[in-house]
Amino acid sequence: MKTFIGCAAINFRRGRPSGFQPEAIVIHIGEGSLRSIDMQFNDPNAKVSAHYCVSKAGDIHQYVEEKDTAFHAGNIDQPAWKGLKPGKAPGSFINPNFYTIGIEHEGFADDKWPDAQLSTSAALVGEIAQRWKIPLDEDHVIRHHQIRFLKSCPGNVITIVDILGRVPPAAPVVSPAVANVKTISSLRLRGGAPSLTAPVVRTIPAQTVVEVSTAFVGDTVNGNNKWYSDGTGNFLWAGGTDQP
Ligand SMILES: [Zn+2]
């Protein structure tokens with residue numbers, strides 16, 4: 001199950017610099033529990049985030065939307081990844097956060113990944129690759145260690161080949177990347193989180209066709225906790241549409 005948690009505003013950047021979009025996926029180990037990672041990314045002093053964390057039980061927490069920039073791989077040290085984009089100054093590099101998606105994993109560097117964690121992570125990698133047309137190979141799905149040598153991240157057990165080998169042949173799309181839904185009643189568009197406490201951006205009239213992307217688990221309304229993202233950081237409750 002994918003749950004949108006969000007993170008402190010200072011720990012990510014809305015959007016990506018002009019001309020950048022996700023071109024690679026960076027695999028991390030969180031060095032802690034899922035809960036400790038939730039707390040870290042919501043701590044305004046942490047200045048770090050990732051787009052996702054996959055738990056040992058196979059649950060996915062999302063902190064940053066894929067179109068936004070998470071702070072997970074900005075420190076470059078003796079890099080081995082040949083996909084790094086050079087900067088203007090000789091020997092410099094463009095911040096890899098601008099064109100990557102970061103996936104954290106619950107646990108520690110020496111942990112063996114439970115089957116549920118590995119299969120969920122692989123399915124998520126497949127889904128992201130499909131969405132952004134990222135090739136599923138070791139040049140585009142990489143270890144954090146390949147950007148920051150000092151970090152063993154994602155640890156000493158898991159390999160990229162392990163993950164790539166578990167990506168479903170045709171990655172199942174849990175919900176369409178982009179679909180049209182129609183509001184059945186007037187519906188409030190909420191900013192920042194799939195929650196009734198998130199600020200109202202605007203009210204969408206009934207019978208409006210809205211283009212939505214990923215479905216998220218959010219606040220439960222009338223027994224339904226499914227929300228759609230409009231792809232620009234806003235959310236609408238699926239129960240108010242023709243595809244609840
Ligand atoms: Zn890392």
Side-chain angles (χ1 to χ4, degrees), residues 2 5-8 10-13 16 20 22-56 58-66 68-85 93-114 117-118 120-129 132 134 136-164 166-167:
K2 191 189 278 180
I5 305 293
C7 76
I10 200 169
N11 290 348
F12 77 106
R13 165 189 172 137
R16 292 173 184 264
F20 290 96
E23 292 179 32
I25 300 166
V26 181
I27 304 296
H28 300 269
I29 189 78
E31 294 297 329
S33 66
L34 182 66
R35 190 173 146 67
S36 75
I37 292 159
D38 288 356
M39 286 168 57
Q40 183 187 23
F41 294 167
N42 279 282
D43 173 358
N45 297 314
K47 307 282 187 341
V48 292
S49 60
H51 293 89
Y52 298 100
C53 182
V54 179
S55 79
K56 285 179 180 285
D59 290 319
I60 302 173
H61 280 187
Q62 182 165 10
Y63 309 95
V64 177
E65 291 213 54
E66 291 176 6
D68 292 332
T69 307
F71 302 162
H72 62 101
N75 286 309
I76 301 171
D77 167 48
Q78 302 175 60
W81 180 38
K82 50 182 194 252
L84 267 184
K85 294 177 190 291
F93 297 99
I94 293 169
N95 187 337
N97 288 338
F98 296 166
Y99 56 93
T100 58
I101 284 178
I103 307 178
E104 285 287 356
H105 294 83
E106 181 180 35
F108 296 88
D110 291 320
D111 291 357
K112 184 179 184 315
W113 289 20
Q117 186 172 34
L118 177 56
T120 301
S121 182
L124 178 62
V125 165
E127 192 189 305
I128 294 168
W132 295 99
I134 298 171
L136 282 167
D137 59 36
E138 288 183 89
D139 292 330
H140 297 88
V141 181
I142 63 160
R143 304 167 71 80
H144 186 198
H145 174 73
Q146 292 171 266
I147 293 175
R148 192 175 188 187
F149 183 78
L150 267 177
K151 286 207 134 194
S152 67
C153 185
N156 311 314
V157 181
I158 197 73
T159 69
I160 296 299
V161 172
D162 291 336
I163 296 170
L164 291 177
R166 292 292 292 269
V167 174

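As the structure lists them, so they are numbered: ligands from 1, and atoms in each ligand from 1. Just so it is clear, the model here is predicted, and its values are computed rather than measured.
- Cys153 lies close to the Zn ion (ligand 1), since one of its N, O or S atoms is found at a distance under 2.8 Å.
- Residues Asp38 and Tyr63 have side chains that bring a donor and an acceptor to within less than 3.5 angstrom of each other.
- A centroid separation of less than 6.0 Å is found between the aromatic rings of His28 and His72.
- Taking CD1 of Ile158 as the start and CG of Asp111 as the end, the distance is 11.0 Å to the nearest 0.5 Å.
- In this structure, a donor-acceptor pair under 3.5 Å is absent between the side chains of His61 and Ser55.
- No other N/O/S atom of His28 lies as close to the Zn ion (ligand 1) as ND1 does.
- When you scan the N, O or S atoms of His144 for the one nearest the Zn ion (ligand 1), you land on ND1.
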